[in-house]
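Taking it in order: structure first as structure tokens, then the write-up.
None of these values were measured; they are calculated from a predicted model. Every chain is numbered from 1, with letters handed out A, B, ... down the list of sequences.
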Amino acid sequence: MSLQWRKIYITRTELSLANVLQAGQAFRWILDENSGEYLTTMKIVNNPDYSIVLLRQTNDEFIECSTYDKKCDLNDLVCHFKLYFRSEVKVETMHANDWLPRDPKFKGIETQGIRILGQEPWETLVSFICSTNNNISRITKMCHALCTNYGKKIGTFNSTDFYSFPSSNEIMLNATEADLRDLGFGYRAKYIIETAQKLVKNKKENNTLSDTDFLNMISESNDYNELREHLMSYSGIGPKVADCICLMGMRKDHVVPVDVHVERIAHRDYKIKASNKDIVQLRELYKPLPITRKKVNFQLDFIRTSLNEKWGPFAGWAQGILFFREVGGTAGANTEGKIKKRKNENSNTTDEDIKQEQSSDISNSKRSRIKSEQLN
DNA sequence: ACTGACCCTATACA
DNA sequence: ATGTATAGGGTCA
């Protein structure tokens, strides 16, 4: 099948596909190492089903997008990716005119084509529930496991099957905690089931059918503190995961998710430390927000508010760049997951091999679980 | 406020 | 070559 490719003009300095698609923001892009193309499934506007979409970057001036879905309009596809990559935000301009004047430490820092994605909120939410105590490789496997087990099959290309990301209804109807544990989700199995159930309930009460619509509605009708309060009402979502969802799944560009690495940067490079007075102030601010009060770590929250004030309306993007600089190279270093490797094995890999790999994955995780149960 | 448990896996190290 | 320890983008009780 010959593909029609469409160009989107954005320089490699503004967007590096490798650094943005494979460094811990998105977990469902598959790199075909033979062609250098990135593939996944996405919901494209004006099209009822998920489409298989492709991206490639063979040039410093533009990227190209395409799709295997004949029903998917190419103009819609270009629009979709401009929104997904937030092409209206100019990182280099932001660096020079906003971050550098606010923070001299940005002098000489390369932005390395890092951008913050505007992803679909439900997929982002579930992905980041999976991210706790975890590495990119396993998060990626878990996201794919959700799709292959509970999503709809969209098509097969290069002997790889493509599935949609399952809705909260699909997860609630077809998955149990035990199922997800067998698939290797560990303690996150419970969080995902409970969160899917809660979202189904919330959608029903608001007469909304789509996860995307419901979460966008919540995102648009609340200020940041209340939005975070809502997100933290779901099982498995604490302050850090909530902030990742806000930033990468809800376009809240000012939000700075504080994990151990950002904490280290804040202490080492900015000497940020909350005084008792700072903590009293935050506690006062969160008086009307019971879940936030319960879940938040005030020392970390002070780092979040400090960096937000320092870096301004696009503080989340500034964080993204410093984060990648700190760990970007190593965070994905051990990410040679089965899915990526499989793509490299040419066409002598059959569906049967893939099934065997998957089932051996499952039995491995089962074995470890049984082993740890025996130890208890 | 502080601490430990929590699933699993890749890697380092003995 | 096999076994053990540890950390990996936190949350919950």
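- Out of dG9(C), dG10(C), dC12(C), the shortest distance to the side chain of Val241(A) is found at dG10(C).
- Ile237(A) comes within contact range of the sugar-phosphate backbone alone, with a heavy-atom separation under 4.0 Å but no base atom that close.
- Looking only at atom types and distance, the side chain of Asn169(A) has a donor-acceptor partner in the side chain of Lys203(A) under 3.5 Å away.
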Val53(A) vs Asp69(A), test: side chain to side chain contact (heavy atoms under 4.5 Å, CB included). Steps then yes/no. CA-CA 8 Å; Val53(A) 297; Asp69(A) 189 345; over 6 Å; no

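- Of the residues near DNA chain C, Ser131(A) and Lys190(A), the one whose nearest nucleotide (by heavy atom distance) lies more toward the 5' end is Ser131(A).
- Taking atom CG of Asp243(A) as the reference point, atom C1' of dG9(C) lies 13 Å away to the nearest angstrom.
- Nucleotide dA7(C) forms a pair with dT9(B), judged by Watson-Crick or G-U wobble geometry with both contacts under 3.5 Å.
- In terms of phosphate contacts, Arg138(A) brings no side-chain nitrogen or oxygen within less than 4.0 Å of OP1 or OP2 of dA10(B).
- Mapping Ser235(A) and Asp259(A) onto DNA chain C by nearest heavy atom places Asp259(A) at the nucleotide closer to the 5' end.
- Residue contacts shown for Gly236(A) are limited to sugar-phosphate atoms, with no base heavy atom under 4.0 Å away.
- The side chain of Lys141(A) sits closest to dA10(B) out of dA10(B), dG10(C), dC7(B).
- Residue-level contact check: Pro257(A) touches neither bases nor backbone, having no heavy atom under 4.0 Å from any strand.
- The nucleotide dT3(B) finds its pairing partner in dA13(C), both defining distances of the Watson-Crick or G-U wobble pair being shorter than 3.5 Å.
- When distances are taken from the side chain of Lys240(A) to each of dG8(C), dC7(B), dG10(C), the shortest belongs to dG10(C).
- A perpendicular orientation is assigned to the rings of Phe323(A) and His261(A), their planes being inclined by more than 60° (bins at 30° and 60°).
- In the model, Ser219(A) has no side-chain atom that pairs as donor or acceptor with a side-chain atom of Asn216(A) under 3.5 Å.
- Comparing dA5(B) with dG9(C), their P atoms are spaced 22 Å from each other, to the whole Å.
- Within the 4.0 Å cut-off from OP1 or OP2 of dT11(C), not a single side-chain nitrogen or oxygen of Lys295(A) is found.
- There is no side-chain donor-acceptor pair under 3.5 Å between Arg115(A) and Ser87(A).
- When each of dA13(C), dT11(C), dC7(B) is scored by its nearest atom to the side-chain atoms of Lys294(A), the top-ranked nucleotide is dA13(C).
- Put simply, the side chain of Tyr191(A) and the base of dG10(C) share no donor and acceptor less than 3.5 Å apart.
- Of all nucleotides listed (dG9(C), dC7(B), dA1(B)), dA1(B) comes nearest to the side chain of Arg283(A).
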